[in-house]
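Here the structure is laid out as structure tokens; the discussion comes afterwards.
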Amino acid sequence: SAGHQARDMGYQVYCVGGFVRDILLGRSNLDVDLVVEGDGIKFARALAEKLDARVREHQKFRTAVIICADGRKIDVATARLEYYEHPAALPMVELSSIKMDLYRRDFSINALAVHLNPQNMGRLVDFFGGQRDLKDKVIRVLHSLSFVEDPTRIVRAIRFEQRFGFRIGAQTEKLIKNALELNIFHQLSGSRIFHELQMIFEEDTPLPCLIRMENYGLLKHIHPMLKLSSNVKNILTETEKVINWFQLLYLEEKIDKWILYMLGLLNHINEVQAGIIMQRFNFSQKKTRHIFSLRSQINSAMSSISAWHQDQGKLSSLYFILNPLPLEGLLFLMARVQKEELRKYVSHYITHLRDIQPQISGRDLKKMGLTPGPEFGRILKELKAAQIDGVACDRQEQKEWVRQ
Ligand code: ATP
């Protein structure tokens, strides 16, 4: 219906970017990006009305997002007609605006479009050899200033290369090296660098991307202390395993993967240097404090559980050691502990102990004639411990336990 809508308005509409790339690769992609030769916002409004969807408009960029009832989103951008002075001072030439739009993109494989208007429905628009590069499994920029124009594309090149098992083309690789020699990373804002890094952390296997970044000398361009020593590689490998394990539990809870990877990257770096690195990433005070507090919570949990294990402590003591840690902290702890047995205990805490509640509540205590007060908290805590240790597991046993 996007194609019909465009035709009725006298526009051309194309599906572009990652969506087209992924169709050709046979991968699923739920993000649809449309480019309209015409007024993108007007088009988005009309299409949204047909689809019974909402629109969010960004007048400044002439873009809009159509938000469907089922939560799916369609990004709509405007390809403006642009006029270029011909080098030989011939008359101005009007370049097809979709071509200009695609030319501004990062790599040939991301610069493919599919025409959606009814008379051209499904026609692939490939000005820059994207199809050939998909077939040859190559990441290639569209022009030689691409990385100087936008250095984040270096990280994107690595991310796509590793995700698809492609390789960065020889010429593109040269351009990366040249750009890095120009020190272009220094001018890049911390938030933009971190945003790209965060996208890497969201990949299924971030470590190969990080290794590639290190080989290009990218990590040290960000900060000289960011190094993938074998210790750091180990901890990141373990982190990746733990994240996969957690995701296979299919819990509702979502984790912030970047927190785990940041903890891993900073694991062997002291407080002062870690602070400087987070500053380089423009972390807010709140974010920085959160990372620091997790680091110290994890360190103290590490020593407490080792002692607990040595003393053959009760399960309830393990519960109270781990209870203050947020989920990301628990998962990183799991990645850090080296003894397999201890790791099992932390995983048991995450999958079982964490959710245990005593069988009787504060209301029950009141009914039993106890007066509410600070004592309640202590009793409920002890009941929880009794339940975890299997001392008093059902309501009756717990009531008796309280009466004593
Ligand atoms: P992913 O599967 O990671 O979402 P994607 O290709 O959809 O991949 P986005 O970051 O959503 O990536 O970008 C959408 C499109 O916008 C890309 O396909 C590319 O054409 C273009 N694009 C994104 N970032 C840049 C950039 N830094 N420079 C040039 N073009 C870009």
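Counting convention: from 1, in listed order, for ligands and their atoms alike. Worth knowing before you read on, the calculation uses all heavy atoms, side chains too, and leaves out hydrogens, waters and symmetry mates. Nothing here was measured: the structure is a model prediction, and the numbers come from that model. All residue numbers refer to positions in the sequence shown, counting from 1.
- A 4.5 Å side-chain heavy-atom check between L353 and L318 finds at least one atom pair inside the cut-off.
- Aromatic rings of Y319 and Y349 (six-membered ring for Trp) have centroids within the 6.0 Å cut-off, being under it.
- Applying the ring pair (Phe, Tyr, Trp, His ring centres under 6.0 Å) test to W258 and every residue at least two apart in sequence or in another chain returns F194, F283.
- For the residue pair N117 / R7, no side-chain donor-acceptor distance below 3.5 Å is found, with atom types taken as modelled.
- Side chain to side chain, N231 and S229 fail the donor-acceptor criterion of an N or O pair below 3.5 Å.
- When heavy-atom distances to ligand 1 are checked against 4.0 Å, the residues falling inside are G17, G18, R21, R104, R105, D106, N110, D150, T152, R153, R156, R159, F160, R163, ordered by chain and number.
- Between H143 and Y103, the distance separating the two ring centers is shorter than 6.0 angstrom.
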